[in-house]
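Just follow the structure's listing: the first ligand is 1, and inside any ligand the first atom is 1.
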Amino acid sequence: MDLGIRGKRALVCAGSKGLGRGCAEALAEAGVDIVLNARGAEALEVTAADLRARFGVEVTAVAADITTEEGRAAVLAAAGQIDILVTNAGGPPPGMWSDWSREDFIRALDANMLTPIALMQALLPGMMERGWGRVVNITSQSVKSPIATLGLSNAARTGLTGFVAGTARQVAPKGVVINNLLPGIHATDRAVHLDGAASKAEGLSVEEIRERRTAGIPARRYGTAAEFGATCAFLCSQHVGFMIGQNILLDGGALSYTL
Ligand code: NAP
């Protein structure tokens, strides 16, 4: 299927690895020029070079912490005119509901709620003026069903989801489409980290934790960054003009419900 976005320009945040990288790859494959962000310059440059070589698109790499005001300013200055925005950042650490301090909550809200909101506030006006835009926010299955150890994620991402629900309907008349993409468990560094933390907390091996988590997924495996990226690219395509403010779950069937 031709996604109809060849020649567009996308900002993909937190995209040197994992799900962000999957999105950047699928967009690059569709002929989209990419502004790619992550904190670590080395991995970022490797990914940027790989995308240029494989897909022949223009890739601008900006090493910055997207969750800080200075980081966002640097990224937006390098980005210029953006048609497609994919928001993403690292997820908050696991823990217990009783342990988190105000500072922990502020950090999680900054990273997983206020950063995507600030990026949308910066880029939506230009998209609306030009009459076309796409935004995909990478959130989590935790907005549909809370994950006990990820209370900071449950809280921050649900706040973002509420903001998007209202905003998506306000920008849609100008040809701008915002949707959220909700990952279940995917085989990335984040999953390795969470499996490791659960293994320590429960005194089980990492393999035992992985087997148990896999058993809870009807597809009987973790998702891949490539299939996540392909869905993201579709949500950035010409074909989603009638899909407004939706929350698309990619979890291998793990959450059991009818609607
Ligand atoms: P990952 O494999 O750990 O990759 C994270 C990427 O984001 C890296 O490129 C990292 O590069 C970059 N990054 C992290 N913090 C950043 C920051 N402050 N500013 C700029 N770049 C940053 O993680 P992932 O699995 O792709 O997860 C992406 C998001 O989806 C996270 O918020 C995660 O919580 C959420 N999620 C993941 C899963 C899963 O199973 N994988 C499930 C549900 C939700 P640098 O470290 O160099 O900055």
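Within the 4.5 Å cutoff, the side chain of Val75 has heavy atoms near those of the Leu11 side chain. Looking at Asp104 and Ser101, their side chains come closer than 4.5 Å, going by heavy atoms from C-beta outward.
A side-chain hydrogen bond (donor to acceptor under 3.5 Å, both in side chains) check over residues 29-42, counting only residues at least two apart or in different chains, returns nothing.
The 4.0 Å heavy-atom shell around ligand 1 contains residues Ala14, Ser16, Lys17, Gly18, Leu19, Asn37, Ala38, Arg39, Gly40, Ala64, Asp65, Ile66, Thr67, Asn88, Ala89, Gly90, Gly91, Ile138, Thr139, Ser140, Arg157, Pro183, Gly184, Ile185, His186, Thr188, Asp189, Arg190, ordered by chain and number.
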Output a table of donor-acceptor pairs, distance under 3.5 Å, between side-chain atoms of residues 84-91 and any protein atom two or more places apart or on a different chain; print 'none' if there are none.
from  : atom 1 : to     : atom 2 : distance (Å)
Thr87 : OG1    : Asn137 : OD1    : 2.6
Asn88 : ND2    : Ala14  : O      : 3.1

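Annotation: side-chain contact (heavy atoms from CB on, under 4.5 Å) contacts of Thr161 (sequence neighbours excluded): Val143, Asn180, Asn247.
At a cut-off of 3.5 Å, with distance as the only test, no side-chain donor of Gln170 or Thr167 sits close to an acceptor on the other residue.
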